[in-house]
Each structure stands twice: as structure tokens, then as C-alpha cells.
Chemist: 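Got a structure for you, questions after.
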Amino acid sequence: MASRRSRRLGSLVPFAAAVVLLLLIASAAAAAAGSPDRAGPARPPLVLPLTLAYPNATRLPASSARRGLGDGHNPNARMRLHDDLLTNGYYTTRLYIGTPSQEFALIVDSGSTVTYVPCATCEQCGNHQDPRFQPDLSSTYSPVKCNVDCTCDNERSQCTYERQYAEMSSSSGVLGEDIMSFGKESELKPQRAVFGCENTETGDLFSQHADGIMGLGRGQLSIMDQLVEKGVISDSFSLCYGGMDVGGGTMVLGGMPAPPDMVFSHSNPVRSPYYNIELKEIHVAGKALRLDPKIFNSKHGTVLDSGTTYAYLPEQAFVAFKDAVTNKVNSLKKIRGPDPNYKDICFAGAGRNVSQLSEVFPDVDMVFGNGQKLSLSPENYLFRHSKVEGAYCLGVFQNGKDPTTLLGGIVVRNTLVTYDRHNEKIGFWKTNCSELWERLHISEVPSSAPSDSEGDMAPAPAPSGLPEFDVGLITVDMSINVTCPNLKPHLHELAELIAKELDIDSRQVRVMNVTSQGNSTLIKWGIFPAGPSNSMTNTTAMGIIYRLTQHHVQLPENLGSYQLLEWNVQPLSKRSWFRDHVVSILLGILLVVLLTLSALLVLIVWRKKFRGQAAYRPVDSAVPEQELQPL
């Protein structure tokens with residue numbers, strides 16, 4: 001499993017000369033141009049500073065008043081989510097930019113306000129999932145020209161942006177405008193929008209696999225604010241994260257019908273630039289924690305952020321929650337966490353089946369200020385131990401000495417979360433996110449994705465979950481744009497490369513079939529269990545498939561790129577007694593044959609030995625007369 005990433009909300013870093021001025025007008029600046037930004041990869045104490053903005057922060061032209069959730073006429077953009085919260089540390093979606101379109105995998109972040117991708121001119125950008133954006137190849141691209149409302153480049157010809165985050169990663173570049181398309185399932189037509197074209201990135205932004213960030217926070221550069229200002233969507237968006245071991249999910253930009261039993265909490269945009277809720281109490285196994293309700297209402301209040309992995313509570317609340325859960329699972333054995341760098345609180349002996357965890361771990365309820373209650377199942381506060389089967393660890397941590405309560409993605413797994421910005425409230429509805437449209441009785445919509453972004457062969461989708469069984473074999477059909485004769489000498493090298501990228505032994509990856517198709521080669525790979533084991537766990541198989549479907553494997557330049565056409569997981573076959581003992585049976589048969597042949601050989605030798613000897617006869621016994629033969 002990839003290293004676990006817990007993201008922290010960041011802040012913009014202003015120029016030193018502007019700090020004093022911004023402190024005097026912090027609330028006004030936060031409302032006009034400030035916004036929270038993305039989270040970072042650590043579990044140390046969390047600090048949530050107020051967002052500070054440059055005095056000449058880029059502003060978009062004002063337009064018509066925002067449309068509300070209930071206008072009933074606007075389409076929405078349905079977009080699939082990929083990756084996995086605990087494996088990757090984030091969820092991504094696919095965004096298509098330019099004409100012809102260029103595809104990017106962007107981290108969905110409700111705490112960031114700018115959407116940006118690596119630019120072709122980037123001098124300091126990491127190796128990411130997709131090629132960098134090339135403005136020269138898009139006929140609809142135009143730079144955002146320098147003006148009084150933005151920070152300009154050295155030539156004072158184009159607007160720039162800069163973001164620096166709490167974990168000391170950063171992104172900077174120029175602002176451009178182009179056509180954005182939202183994928184196959186979106187009924188929203190492609191729209192022009194402003195985005196960042198990166199020229200420099202550092203820290204986690206440099207090393208992460210995803211291409212960039214899709215900012216959903218409050219701010220005029222946010223993709224949400226731009227689409228709402230255009231009047232093409234309602235002022236609302238929704239996120240639905242897959243459950244434990246499932247990953248993926250769905251995002252909707254714009255309004256959608258709210259389920260009748262969705263629970264809501266007020267969200268105050270004036271108090272904080274972050275999306276916040278009014279948390280009043282936490283119940284464990286039906287019993288309220290003995291806490292002052294004000295503990296969840298200090299500083300920024302209770303912040304909900306899609307870019308944060310885990311949940312963080314103030315010290316007093318964390319201790320009470322940890323003790324309450326621990327007391328309810330005293331039958332389980334406490335063990336060390338999977339990462340020695342953290343003092344995780346883990347329990348062994350709960351079993352592998354996620355659906356049965358509620359029989360062992362207590363239910364948790366979050367009670368909002370309006371009295372409505374969000375019920376959490378164990379998967380909403382636990383994560384699976386990566387080294388001990390059937391063990392789980394608390395995904396809730398102490399937020400250092402910071403009084404802020406921060407709820408990350410783990411809390412809302414298998415929960416539809418609607419950020420109704422127009423009505424200043426956030427809704428929660430427990431559901432199976434992999435079956436969201438069926439549960440809401442919403443039909444699929446025709447594709448609005450640009451045609452040039454799709455090849456002749458559709459790529460394989462990311463897995464939406466595997467049944468609970470021991471995996472005996474993973475087969476993968478891969479298309480590589482190199483002809484078969486040129487590829488055969490590199491198959492062994494390619495197998496080792498795939499094994500390295502998937503973090504498995506090279507002996508587990510074997511070529512099962514190779515065929516040519518036009519100018520490309522189709523390869524069927526078999527990925528087998530490691531070592532003497534004849535099976536792999538469901539979690540291990542999911543991790544391998546995710547790395548493949550999300551293009552974690554980077555091929556050498558001479559082999560070009562690849563497309564994953566199909567993957568299949570085969571359960572460990574239930575072998576009969578005969579198959580389990582076939583070797584012993586064959587050895588037994590061989591031994592019987594050898595013994596039989598040996599006995600026959602002895603019998604034949606014995607007969608030959610005694611056949612030539614005359615039988616004993618008495619002296620006076622009669623003998624037949626024999627004729628003497630002449631000499």
C-alpha cells in the first residue's frame with residue numbers, strides 16, 4: 001500500500017509588504033478574494049490560519065447574481081471520482097482542457113480555490129500521470145492579460161498566481177482561459193474558464209502522481225464560482241466517496257435532488273472561508289461524550305474538507321472519543337500500528353468482512369446544532385491495518401493543541417455530501433456511493449465529453465469494489481503502441497518494470513499471451529500471489545488494480561504509452577481432495593507399480609533357477625526306459 005497521506009488545510013502566503021494591510025482587512029479580504037487551500041501529507045498538529053490574499057489578487061469580472069439550488073433549469077456536471085482515500089491520500093476526477101482536449105487527473109479539493117495543471121513550459125514540475133498542458137496545441141486557449149486586478153509576470157503581459165501550503169509545498173504559474181469539458185456523464189456543455197498553468201511546483205505537489213488540483217472552495221478563481229457566475233449551474237456541488245476497500249465515487253457540479261431523509265447542518269460562509277458545519281455533540285454507542293458543546297465551536301468551528309484524509313479533534317474531545325471506543329471493544333487485542341512513525345491505536349481480531357464491523361465496533365453519531373443527527377458506521381472512523389489481517393486502527397486523531405475540529409474524507413465514506421452554498425447549508429445522506437444513481441432513481445446521461453479524447457478502445461474503469469474472497473489471479477489486458485516484433489525482446493524488462501511500479505516481486509508478473517493488432521501490441525499479463533502463498537488478500541488485489549487503472553506504471557520512452565483495456569480478478573479455486581493430494585496419489589501408484597514389477601522379476605528368476613534341476617526320486621523308484629543314442 002502506498003504511504004498514507006493526511007492532508008492539512010493550507011493558506012496563501014502574502015508578500016511581506018502586504019501583511020500589515022491584510023491583517024487590518026482580513027475579514028473583507030477573505031470574503032472578497034481569500035480562500036482556503038489544499039491539505040498536506042502529515043499527521044503532526046494541525047494549524048488552520050485565516051486565509052490571506054495578495055492586495056491585487058486576481059479578480060474575475062462581475063456578472064449576474066448567483067443562481068440558487070432551486071431554479072430547476074440548470075444542468076449539472078456528473079463526474080466520476082478515481083483513486084482511493086487511504087491508498088492515494090486523495091480522490092481525483094478527469095477534466096478535459098482545450099481544443100482538441102487534453103486530459104488531466106485533478107485532486108478534488110473543497111479547500112482550494114484555483115484549478116491548475118502543469119504547463120508545457122514548466123521548469124520545475126514532477127512526473128505526473130498525464131502529459132503537461134500545451135497551450136500552443138489548443139486553438140481556444142488565451143492568456144489572461146495583465147490588469148490592475150491581478151499580479152503580473154515580469155514582462156507585465158500575463159496574470160500570474162501563487163499558492164503555498166501549510167506543509168510547505170507550493171505552486172505558481174500563469175493564468176489562462178480555455179474550454180473545459182467535464183466527462184462522459186456530464187449534461188453540462190463545455191465551458192470557458194480560467195485556470196492556472198504551472199511553471200513551478202515543490203513538495204508534495206511535485207512528487208504526487210495526480211496532475212494538479214481542482215479547486216472547489218470559495219473564491220473567484222474557483223471553478224464553482226466561475227460556473228455559477230456564468231449562470232450555467234446552481235450554486236451547489238456534491239461529493240460521494242466510496243467505502244472501505246472500494247475507492248472511487250461520484251462528484252456533481254450543480255444542483256441535484258436532495259433525498260427526503262438527508263440531514264443538514266448550517267454552514268456559515270462569513271465566519272470562515274472554509275466549509276464549516278455546526279457540530280454540537282458526539283455520541284458513542286448511543287451515549288453522549290461528556291464535553292462542553294463549545295469545544296466544537298472554537299476558532300473556525302468544525303471544518304469539512306475533501307482534501308483531508310482523516311478526522312482531527314481538539315485534545316479533550318479526542319481523549320473522550322478514544323476512551324469511549326476502546327471501552328466498547330475490550331474483547332479485541334490492542335496492537336501496534338502499521339507505521340512505526342505514528343502511535344496508531346489499533347485492534348486485532350475483528351475479522352475481514354467490513355459489513356460485519358458494526359457487530360464489533362460501536363456506532364457513532366454526530367449531532368448538529370439543529371438537532372439533526374449523522375450516524376457513522378465503523379468504516380467512517382476506522383482504517384484497515386495494512387500488515388495484520390482482520391485488524392483496524394482509529395482514523396481519528398488529536399489536532400495537537402489547535403482547537404479546530406477537522407473532518408476529512410474518512411468521515412463521509414459512503415455518504416453523499418451536498419455543499420448547498422446558496423442556502424448556506426451542507427447535507428449528508430448515507431448511501432452506497434457505487435450505486436448512487438440507481439438509489440436516487442436518476443438515469444445515465446449521454447456523453448458530453450469531447451470525441452477526440454476517446455480512442456477506438458475504451459479504457460478499463462477503476463474498480464468499484466471486489467467481493468470478499470481470496471484472490472488467486474489477476475489478469476490484465478494491456479495495449480502498447482509498439483509492434484510485437486519490436487516488443488518481444490523487452491517483455492522481461494517490461495515485467496520487471498511493472499512489478500517495481502506495483503511494489504510486488506517480479507516473479508509475480510508473467511506474460512500469458514502476446515498478439516499484434518495494427519500498430520500496437522496486446523499483452524495479457526498474469527499477476528500471481530507472492531511466495532509460497534496461493535492467494536492474495538482483497539486489499540492487496542485492490543491496490544494493484546488501482547495502480548494499474550490510474551496509470552501508476554510509467555513506461556520507458558522507447559515503449560511509448562499504454563492503455564489498460566480490461567482487468568479480471570479470479571478467486572482462489574476450490575480444489576477437490578484429489579487435486580490437493582494428486583502428487584501423493586501419483587507417487588503411491590508409482591510405488592505400487594515398482595513393487596509389482598520387482599515381485600514379477602523375482603518370480604521369473606526363481607522359476608528359471610529351479611526349472612533345470614531334476615526333482616528328487618527314491619533309488620528303487622521306477623524310471624521310464626530310455627533309448628541309448630549312438631555316439
Chemist: Using the test side chain to side chain contact (heavy atoms under 4.5 Å, CB included), find all partners of Ser355 that sit at least two apart in sequence or belong to another chain.
Modeler: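 Counting only residues at least two positions away or on another chain, Ser355 forms a side chain to side chain contact (heavy atoms under 4.5 Å, CB included) with Asn353.
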Chemist: Does Arg132 reach the main-chain N or O of Cys125 with its side chain, forming a donor-acceptor pair under 3.5 Å?
Modeler: yes
Chemist: Looking only at non-hydrogen atoms, find the nearest pair between Gly337 and Cys346 and report the distance.
Modeler: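 Of all heavy-atom pairs spanning Gly337 and Cys346, the closest is CA-SG, 3.5 Å.
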Chemist: Work out which heavy atom in Ala285 is nearest to a heavy atom in Lys328; give both atom names and the distance.
Modeler: CB-CE, 3.7 Å
Chemist: Would you find a donor on one side and an acceptor on the other, under 3.5 Å apart, between the side chain of Asn380 and the backbone of Arg413?
Modeler: yes
Chemist: Do Gln102 and Asp130 touch side chain to side chain, with heavy atoms closer than 4.5 Å?
Modeler: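 Sidechains of Asp130 and Gln102: no contact.
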Chemist: Got a sec, which residues hit side chain to side chain contact (heavy atoms under 4.5 Å, CB included) with Arg336, two or more places apart in sequence or on another chain?
Modeler: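 Side chain to side chain contact (heavy atoms under 4.5 Å, CB included) list for Arg336, sorted by chain: empty.
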Chemist: Quick one: does any side-chain atom of Thr415 pair with a main-chain N or O of Phe428 as donor and acceptor, under 3.5 Å?
Modeler: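 Checking the backbone N and O of Phe428 against the side chain of Thr415, no donor-acceptor pair under 3.5 Å is found.
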Chemist: What heavy-atom pair brings Ser377 and Lys430 nearest, and what distance separates the two atoms?
Modeler: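 Looks like OG-NZ, 3.9 Å.
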Chemist: Please assess Gln208 against Ser169 for the test side-chain contact (heavy atoms from CB on, under 4.5 Å), listing each intermediate value before the final yes or no.
Modeler: CA-CA 11 Å; Gln208 70 189 13; Ser169 62; over 6 Å; no
Chemist: With rounding to the nearest 0.5 Å, note down the distance linking CG in Asn568 to OG1 in Thr475.
Modeler: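 The distance works out to 4.0 Å.
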Chemist: Using the test salt bridge (Lys or Arg N to Asp or Glu O under 4.0 Å), find all partners of Asp363 that sit at least two apart in sequence or belong to another chain.
Modeler: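 With neighbours one apart ignored, the set is empty.
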Chemist: If you take all heavy atoms of Arg510 and Phe528, which pair is closest and at what distance?
Modeler: CD-CE1, 3.5 Å
Chemist: Using modelled atom types only, decide if a donor and an acceptor are shared between the side chain of Lys387 and the backbone of Pro338 within a distance under 3.5 Å.
Modeler: yes
Chemist: Is there a side-chain contact between Asp365 and Leu374 (heavy atoms, below 4.5 Å)?
Modeler: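 Counting from C-beta outward, Asp365 and Leu374 never come under 4.5 Å.
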Chemist: Would you verify whether the NZ or CZ of Arg78 falls within 45 degrees of the ring axis of Phe182 while also being under 6.0 Å from that six-membered ring's centre?
Modeler: no
Chemist: Quick check against the 3.5 Å criterion: does Asp305 have a side-chain atom that pairs as donor or acceptor with the backbone of Gly307?
Modeler: yes
Chemist: With a 4.5 Å limit on heavy-atom distance, are the side chains of Trp525 and Met512 in contact?
Modeler: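 With C-beta onward as the side chain, the pair stays apart.
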Chemist: At what distance, to the nearest 0.5 angstrom, does CG of Leu313 lie from CD of Gln398?
Modeler: 9.5 Å
Chemist: Can you name the residues that form a side chain to side chain donor-acceptor pair (under 3.5 Å) with Lys524, not counting sequence neighbours?
Modeler: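 If we apply the side chain to side chain donor-acceptor pair (under 3.5 Å) test to Lys524, skipping adjacent residues, the hits are Asp477.
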Chemist: Output yes when a side-chain donor or acceptor of Ser306 lies under 3.5 Å from a complementary backbone atom of Val108, and no otherwise.
Modeler: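 Pair found, side chain donor or acceptor close to backbone of Val108.
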Chemist: Are any side-chain N or O atoms of Gln508 and backbone N or O atoms of Ala499, one a donor and one an acceptor, separated by less than 3.5 Å?
Modeler: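 Not a single qualifying donor-acceptor pair exists.
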Chemist: How long is the straight-line distance from CG of Asn127 back to CG of Asp211, given to the nearest 0.5 Å?
Modeler: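 Interatomic distance, Asp211 CG to Asn127 CG, rounded to 0.5 Å: 11.0 Å.
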Chemist: Measure the CD-NE2 distance between Glu496 and His492 for me, rounded to the nearest 0.5 Å.
Modeler: 3.5 Å
Chemist: Under the side-chain contact (heavy atoms from CB on, under 4.5 Å) criterion, do Arg80 and Thr93 qualify, and how do the steps go?
Modeler: CA-CA 6 Å; Arg80 290 191 182 273; Thr93 191; 5.8 Å; no
Chemist: Can you confirm whether Phe397 sits close enough to Asp344 that some side-chain heavy atom of one is under 4.5 Å from a side-chain heavy atom of the other?
Modeler: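 Yes, close enough: below the 4.5 Å cut-off.
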Chemist: Quick check for you: to the nearest 0.5 Å, what is the distance between Tyr381 atom OH and Leu357 atom CG?
Modeler: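 Reported to 0.5 Å precision, the distance equals 8.5 Å.
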Chemist: Under 3.5 Å, side chain of His128 to main-chain N/O of Ala210, donor-acceptor pair present?
Modeler: yes
Chemist: Are Tyr310 and Phe383 close enough that their ring centres sit under 6.0 Å apart?
Modeler: yes
Chemist: How far does CG of Leu416 sit from CG of Asn432, to the nearest 0.5 angstrom?
Modeler: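 Here the interatomic distance stands at 12.0 Å.
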Chemist: Without placing hydrogens or testing angles, list every side-chain donor-acceptor pair under 3.5 Å for residues 388-396, not counting sequence neighbours.
Modeler:
from: Tyr392; atom 1: OH; to: Gly351; atom 2: O; distance (Å): 2.8
from: Tyr392; atom 1: OH; to: Arg352; atom 2: O; distance (Å): 3.4
from: Tyr392; atom 1: OH; to: Arg384; atom 2: NH1; distance (Å): 3.3

Chemist: Stepwise, does the side-chain contact (heavy atoms from CB on, under 4.5 Å) test hold for Thr202 with Gln124?
Modeler: CA-CA 8 Å; Thr202 63; Gln124 187 179 328; 3.4 Å; yes
Chemist: Flag the pair Cys240 / Thr431 as yes when at least one side-chain heavy-atom distance between them is below 4.5 Å, and no otherwise.
Modeler: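 Counting from C-beta outward, Cys240 and Thr431 do come under 4.5 Å.
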Chemist: Counting only N and O atoms by type, is there a donor-acceptor contact under 3.5 Å from the side chain of Glu379 to the main-chain atoms of Met244?
Modeler: yes
Chemist: So Leu491 and Val514, do their side chains get closer than 4.5 Å, heavy atoms only?
Modeler: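 Counting from C-beta outward, Val514 and Leu491 do come under 4.5 Å.
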Chemist: Taking all non-hydrogen atoms of both residues, which atom of Pro362 and which atom of Val284 are closest, and how far apart?
Modeler: CG-CG1, 3.9 Å
Chemist: Any idea which heavy atoms bring Ile410 and Leu382 closest together, and the distance?
Modeler: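 Smallest heavy-atom distance, with atoms named: CD1-O, 3.4 Å.
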Chemist: Apply ring-ring contact (aromatic ring centres under 6.0 Å, His included) to Tyr241 and list each qualifying residue two or more places apart in sequence or on a separate chain.
Modeler: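 Tyr241 satisfies ring-ring contact (aromatic ring centres under 6.0 Å, His included) with Tyr91 only.
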Chemist: Take Gln129 and His82, measure what side chain to side chain donor-acceptor pair (under 3.5 Å) needs, and give me the verdict at the end.
Modeler: CA-CA 13 Å; Gln129 179 168 329; His82 305 271; over 6 Å; no
Chemist: With side-chain contact (heavy atoms from CB on, under 4.5 Å) as the test, would you mind laying out the steps for Val364 and His283 before giving the verdict?
Modeler: CA-CA 6 Å; Val364 174; His283 296 181; over 6 Å; no
